[in-house]
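The structure appears right after this line, and notes come after that.
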Amino acid sequence: MVVNTMNSGDGRKTVITFGTFDVFHVGHLRIFERALSFGDRLVVGISTDALSISKKGRPPVCSQDERSAIVAALRCVDEVFWEESLEEKAQYIRRYNADVLVMGDDWAGKFDELSDLCEVKYLPRTPAISTTEIIEKIQVEF
Ligand code: C2G
């Protein structure tokens, strides 16, 4: 079900997305740019270090404060907040009056149940770049 009313009340369409964004790379930037194309403002949930460890089984290279400082400084990002749990998306969507949730297609189908709250979109990942690949490359070549 597509919700086509603006949740933010000021006529601006709010897009929300989430991630760890560790060792920030062009794949992260491209998902922000594409996400923003579905609305007027972009709000980003930055996974805390604790959540990132539970998601990825290792601590992020960059601390939550460093990762959020980088994302918050981007022109295409209007606001950042801490994502403390994968199960609290409905609360975050309501808190930020989000009209659209955008995630990479590695999460395809995982958040469909939220489509009664907002539009849910999965976008193709940017090929041939990932934080894991960057870390492996540095470990091998440097
Ligand atoms: N991404 C992408 N292309 C890449 C790498 C990442 O489009 N080459 C997207 C991912 O699909 C995701 C976002 O960038 O939507 C952030 O990726 P990660 O930092 O790896 O975050 P992730 O572990 O997917 O966290 O609640 C959801 C989670 O917090 C998402």
Side-chain angles (χ1 to χ4, degrees), residues 1-139 142:
M1 178 178 71
V2 175
V3 180
N4 52 19
T5 57
M6 304 295 178
N7 287 345
S8 53
D10 65 0
R12 300 179 75 210
K13 199 168 182 180
T14 298
V15 182
I16 195 165
T17 192
F18 299 82
T20 295
F21 307 109
D22 192 24
V23 192
F24 195 87
H25 56 68
V26 72
H28 298 142
L29 178 61
R30 296 288 178 253
I31 197 127
F32 290 156
E33 293 170 337
R34 289 178 292 157
L36 184 56
S37 72
F38 293 107
D40 305 301
R41 59 190 299 271
L42 178 61
V43 178
V44 181
I46 308 284
S47 307
T48 59
D49 293 339
L51 179 60
S52 300
I53 291 167
S54 71
K55 280 191 301 181
K56 305 199 183 252
R58 63 164 175 79
V61 173
C62 307
S63 73
Q64 59 188 50
D65 292 339
E66 292 165 339
R67 292 180 284 113
S68 70
I70 291 166
V71 173
L74 298 171
R75 256 198 324 262
C76 52
V77 174
D78 294 275
E79 195 169 346
V80 298
F81 65 93
W82 297 127
E83 180 193 28
E84 303 198 69
S85 156
L86 290 177
E87 278 71 48
E88 291 182 15
K89 279 196 178 45
Q91 289 93 315
Y92 299 133
I93 288 166
R94 289 194 189 94
R95 188 192 303 166
Y96 293 96
N97 295 311
D99 301 286
V100 188
L101 165 65
V102 169
M103 293 300 301
D105 59 8
D106 46 330
W107 292 90
K110 296 279 189 323
F111 307 121
D112 291 354
E113 80 281 358
L114 297 167
S115 58
D116 58 345
L117 282 176
C118 66
E119 295 171 56
V120 178
K121 296 184 183 296
Y122 306 101
L123 306 181
R125 285 169 60 92
T126 299
I129 183 99
S130 76
T131 299
T132 305
E133 281 171 32
I134 293 171
I135 293 170
E136 284 162 4
K137 195 171 174 185
I138 291 169
Q139 285 169 333
F142 297 90

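- Among all heavy-atom pairs drawn from A98 and I16, the shortest one is CB-CG2, 3.6 Å.
- Minimum interatomic distance between A108 and Y122 (heavy atoms only, all atoms of both residues): CA-CD2, 3.6 Å.
- For the pair D22 and C62, the tightest heavy-atom approach, listed with the atom from each and the gap, is OD1-N, 2.8 Å.
- Of all heavy-atom pairs spanning D40 and D78, the tightest one is O-OD2, 4.4 Å.
- The shortest side-chain heavy-atom distance between L29 and C76 falls under the 4.5 Å cut-off.
- The backbone N or O of S63 sits less than 3.5 Å from a side-chain atom of E66, completing a donor-acceptor pair.
- Applying the ring pair (Phe, Tyr, Trp, His ring centres under 6.0 Å) test to pairs two or more places apart or on separate chains, none has a residue in residues 39-69.
- With sequence neighbours excluded, no residue forms a side chain to side chain donor-acceptor pair (under 3.5 Å) with R95.
- The side-chain heavy atoms of I31 and T126, taken from C-beta on, include no pair separated by under 4.5 Å.
- The existence of a salt bridge linking E119 and K13 is confirmed by a sub-4.0 Å separation between a basic side-chain nitrogen and an acidic carboxylate oxygen.
- Between the side chain of R34 and the main chain of P124, a donor-acceptor pair closer than 3.5 Å is present.
- Note on residues 50-87: pairs passing ring pair (Phe, Tyr, Trp, His ring centres under 6.0 Å), not counting sequence neighbours, are F18-F81, F81-Y92, F81-Y96.
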Atom pairs and distances, side-chain donor-acceptor, residues 44-58, under 3.5 Å, sequence neighbours left out:
{"from": "S47", "atom 1": "OG", "to": "G19", "atom 2": "O", "distance (Å)": "3.2"}
{"from": "S47", "atom 1": "OG", "to": "K55", "atom 2": "NZ", "distance (Å)": "2.8"}
{"from": "S47", "atom 1": "OG", "to": "E83", "atom 2": "OE1", "distance (Å)": "2.6"}
{"from": "T48", "atom 1": "OG1", "to": "L51", "atom 2": "N", "distance (Å)": "3.1"}
{"from": "D49", "atom 1": "OD1", "to": "Q64", "atom 2": "N", "distance (Å)": "2.9"}
{"from": "D49", "atom 1": "OD1", "to": "R67", "atom 2": "NH2", "distance (Å)": "2.5"}
{"from": "D49", "atom 1": "OD2", "to": "Q64", "atom 2": "N", "distance (Å)": "3.3"}
{"from": "S52", "atom 1": "OG", "to": "T20", "atom 2": "OG1", "distance (Å)": "3.2"}
{"from": "S52", "atom 1": "OG", "to": "T48", "atom 2": "O", "distance (Å)": "2.9"}
{"from": "S54", "atom 1": "OG", "to": "L51", "atom 2": "O", "distance (Å)": "2.7"}
{"from": "K55", "atom 1": "NZ", "to": "T20", "atom 2": "OG1", "distance (Å)": "2.9"}

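- Listed for the R30 side chain is no donor-acceptor partner under 3.5 Å among the backbone atoms of V26.
- Listed by chain and number, the residues in a salt bridge (charged side-chain N to carboxylate O under 4.0 Å, His left out) with D106 are R125 (sequence neighbours excluded).
- Here the CD atom belonging to E136 is positioned 11.0 Å from the OG1 atom belonging to T131, to the nearest 0.5 angstrom.
- By the side-chain contact (heavy atoms from CB on, under 4.5 Å) test, I70 is found to be paired with F24, residues two or more places apart in sequence or in another chain being considered.
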